[in-house]
Each structure stands twice: as structure tokens, then as C-alpha cells.
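Order of listing sets the numbers, starting from 1, for every ligand and every atom in it. The residues of the chain are indexed from 1 along the displayed sequence.
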Amino acid sequence: MQNNFLKESSYSINKAVKILNDGGMVALKTETVYGIACDANNIFSIEKVYNLKKRPLFNPLIIHVNDLEMAKKIAVFDELSKKIANYFWPGPLTLILPRKKNILIEDFAVAGLETVALRIPNSVVFQKVLKKFKKPIAAPSANPSGYISSTNAKHVFDSFGRKIELIIDSGKSNFGLESTILNLSKKKLSITRQGIISSDEIKKIVRRKIEISDNSKIKKPISPGQIKRHYAPNTPLKMNVKSPKKGDALLFFGNNHNYKFNPSLNLSKKGDLYEAAQNLFDYLRKLDKLKMKRIAVTPIPLKGIGKTINERLIRASANG
Ligand code: TXA
Ligand code: MG
């Protein structure tokens, strides 16, 4: 096997920590998607990540920490943000908070902003690395900027090969979609990226109104997270297709279809939206590799996590 591709073990975890300390990059599983981890306090390693992903420099990275104690050194927490963090962390929720002046993370990692996006991931391998590294880790999703995210280690290798010092294979990401991003840095609470945790789940805890930022309404995007096209295969993608045609690669959902279409993949035979979310990026990458004329996706129910799946598909099918 490739010499930068190792199964999760105490050996690979120790190696990851050494690479991070030496300013290198390591691909690690999180419960959402795979991330490219680097030392958040080393401008050279941060620069490597931006270059590798071809990510615009104005797009800040999410800072991953091990516990609330480390988080509080980086960001200002009020009662509400403490309550939310205590309830949802570790887990697939990223909080945007006012940033504290600190020596733990470089300005470069957060694009010089006065806010910082923080999360404690609930993934064993990531937690073990954080515990041994003892410092915050900046980690964007492990995909070339704008392309489909990686939900297993092979995806990361397909996208970057040996350009990453180490890829740790810990199997599939549990959820398969990125964390929800909740902006707590303004008076009005807003979700700036839909994800695994829904606004209703958060509302139950905060008992306040939460806006969902509609990316299509933002005229001048402040970050590519707000640019329409994202998560996109190279093959043009069309949503809500009911009758696929010749030249299509079909992506469908549930057992209520009788597609004998070739090529095709079913996101979840039993019609489970969580299973569909976990398979989404993997299947999009698989169908993209076939280099057909179009990837046609049948309607996906707009409920629960299906809303996030639809949001990703809207972005994947957008122009420019
Ligand atoms: O699930 C996840 O969040 C994964 C795993 C690896 O943790 N990470 C991830 O990172 O999705 P990335 O870089 O692909 O997406 C981070 C998003 C970007 O849209 C970025 O613009 C936004 O977070 N972001 C980061 N810091 C921000 C800030 N201070 N204010 C507003 N948006 C911010
Ligand atoms: Mg990403």
C-alpha cells in the first residue's frame, strides 16, 4: 500500500502527532467528514493546507480543540454559548464566536477575522491526536476547494495522493456531511451552514429564534462557504430528475423506485435519510469517476437530514 496511508493504530496516531509538530499535514477522520489537520499556530503548515486545497486565503479554517478549557482560551463564551457547547460537544456542531487575542492560533488560520469557528469533534482518532498534540488543530474538509468532500480515507488519497504526509484510515465517517455552523457572534443567532444538527434541535436548547442564512441572497460572498457552487462533481449534476435519460449516471433513493437504470446507485434501499447522508459524497465521487454526460439525482425528501442533503445537492448543481 502507499506509504502515506496507514490504518488507525497507536503507531499511526503517534506518527500523526510528530508530523503535526514538524509542521506537516495529516488527514484524519471526524464524525462528519475527513479533515486535513495542521498546527493552527504554524503559518507554514496552514499555508500548506491552503495550497494543497487551492483554497482562497480569505476563507477561514475551523479550529478543532479537545475540551472547553482550550476553547475558552481562543474564544469568548457567554452563558448561552457555554450552554450550547456543553450540550452539543463533542459533536457535529461548529460555533462561530468572538475571538480572544491569544497566542494559540495564528491570524492566518482564521483569515484575520475577529471571530473564530470552533468545534470539539466526536471522533476517537481525532480526539486521541488532539490529546497528544495538546494544541488546537485547524482542519478543513479533505477535498480540493469546491469539490466533493471526503468521507473515507480512500477519497482523500484519490484527491491528494502523496501530497499529504499521512492519511489515517479509520473507516467511513459516521454522518457523511459537514458539521452545522451556528453563528453566535452576533445578536441574532444564525445557521450559516446546515449540517447534521438541525435548527430545531438547537432551538430546544436556546429557546430563541434562529435564522438560516440563505446563501443565494448574499450578494457579495465573504467566504467560499457562501459561494453557491460547492461540493461539486466535475460532471454536471441535475436534481429532482424523475426520468433519467441515456448518458446519465443515476443517483436515487429508497425502495419505491423500480430503476433498472445503468449506471445507478441507491443512496439507501431502506429509505433511511441518515444512511443516504452517509453515502452521498461517496456515491457522487463514484458516479463522477464514470465521466458520464450528467449525474441525475431523483427527488430526496425535504425532511430532517434530507434538508441538508438537498442543500448540498443545490450547491453541487449550481453554476459558478
Ligand atoms: O464537519 C466539519 O466542519 C469539517 C470537519 C473536518 O471538521 N470541516 C469543514 O471545514 O467542513 P471546511 O473548511 O470545509 O468548512 C469550514 C466552513 C467554511 O465555509 C468557512 O468559510 C467557515 O467554515 N468558517 C470558518 N471560520 C469562520 C468564521 N470565523 N466566520 C464565518 N465562517 C467561518
Ligand atoms: Mg469543505
Side-chain angles (χ1 to χ4, degrees), residues 25-38 40 46 49-50 52-65 74-76 88-100 105-123 125-127 129-130 136-153 155-156 159 168 170 173-186 190-197 213 215 218 221-232 277-278 281 308 311-312 315-316:
M25 300 179 282
V26 181
L28 295 173
K29 175 178 131 165
T30 85
E31 73 276 32
T32 56
V33 296
Y34 271 65
I36 306 173
C38 74
I46 298 162
V49 170
Y50 275 91
L52 179 77
K53 281 186 57 108
K54 296 198 168 55
R55 182 181 177 106
L57 294 179
F58 60 81
N59 189 9
L61 304 177
I62 295 177
I63 308 298
H64 298 66
V65 292
I74 300 171
V76 183
F88 289 103
W89 283 354
L93 179 69
T94 296
L95 301 181
I96 299 180
L97 294 161
R99 196 174 142 213
K100 267 189 187 162
I105 59 167
E106 279 287 342
D107 283 2
F108 185 22
V110 295
L113 294 177
E114 310 224 314
T115 55
V116 59
L118 276 180
R119 87 179 187 100
I120 302 181
N122 184 13
S123 130
V125 68
F126 214 114
Q127 289 196 353
V129 171
L130 273 165
I137 289 177
S141 54
N143 52 280
S145 194
Y147 192 65
I148 309 161
S149 306
S150 292
T151 53
N152 66 40
H155 295 158
V156 187
S159 284
I168 296 187
S170 308
S173 286
N174 316 41
F175 292 115
L177 296 172
E178 296 80 357
S179 61
T180 305
I181 302 184
L182 176 66
N183 191 347
L184 293 172
S185 71
K186 295 187 181 144
S190 64
I191 287 179
T192 58
R193 180 176 71 189
Q194 297 180 61
I196 302 300
I197 293 176
S213 305
N215 293 314
I218 295 168
I222 55 159
S223 75
Q226 296 175 330
I227 288 171
K228 265 192 114 187
R229 189 174 162 81
H230 207 75
Y231 317 104
Q278 199 194 35
F281 290 148
T308 304
E311 187 271 346
R312 299 297 191 266
R315 307 276 296 277

Exercise. Has S145 got an N, O or S atom lying less than 2.8 Å from the Mg ion (ligand 2)?
Worked result: no
For this session: Indicate whether any N or O donor in one side chain lies under 3.5 Å from an N or O acceptor in the other, for S179 and T94.
Result: yes
Would you say [X] has any N or O atom under 3.5 Å from an N or O of ligand 1, going by distance alone?
{"X": "K53", "value": "no"}
{"X": "T115", "value": "yes"}
{"X": "N59", "value": "yes"}

Can you list the ligand 1 atoms lying under 4.0 Å from a non-hydrogen atom of [X]?
{"X": "P140", "answer": "10 (O), 12 (P), 13 (O)"}
{"X": "E178", "answer": "1 (O), 11 (O)"}
{"X": "G35", "answer": "6 (C)"}
{"X": "I62", "answer": "3 (O), 8 (N), 9 (C), 10 (O), 16 (C), 23 (O)"}
{"X": "H64", "answer": "5 (C), 7 (O)"}

Exercise. Side chain or backbone of E114 under 4.0 Å from ligand 1, or both, or neither, by non-hydrogen atoms?
Worked result: neither
For this session: Would you mind reporting whether F108 and L57 have side-chain heavy atoms less than 4.5 Å apart?
Result: yes
Exercise. Looking only at heavy atoms, which two atoms of H64 and P121 are closest? And how far apart?
Worked result: CD2-CG, 4.0 Å
Exercise. Are the ring centres of Y34 and H155 closer than 6.0 Å?
Worked result: no
For this session: Please confirm whether the backbone N or O of G195 pairs with a side-chain atom of T308, one donor and one acceptor, at under 3.5 Å?
Result: yes
Problem set entry | T180 side-chain N/O to I196 backbone N/O, donor-acceptor pair under 3.5 Å | yes
For this session: Out of I96, I181, I63, indicate the one that has the non-hydrogen atom closest to atom 32 (N) of ligand 1.
Result: I96
Exercise. Are more than 12 heavy atoms from other residues, nucleotides or ligands located less than 6.0 Å from atom NZ of K100?
Worked result: yes
Exercise. So does R119 pair up with E178, basic N to acidic O under 4.0 Å?
Worked result: no
Exercise. What do you reckon, does V110 put a non-hydrogen atom under 4.0 Å from ligand 1?
Worked result: no
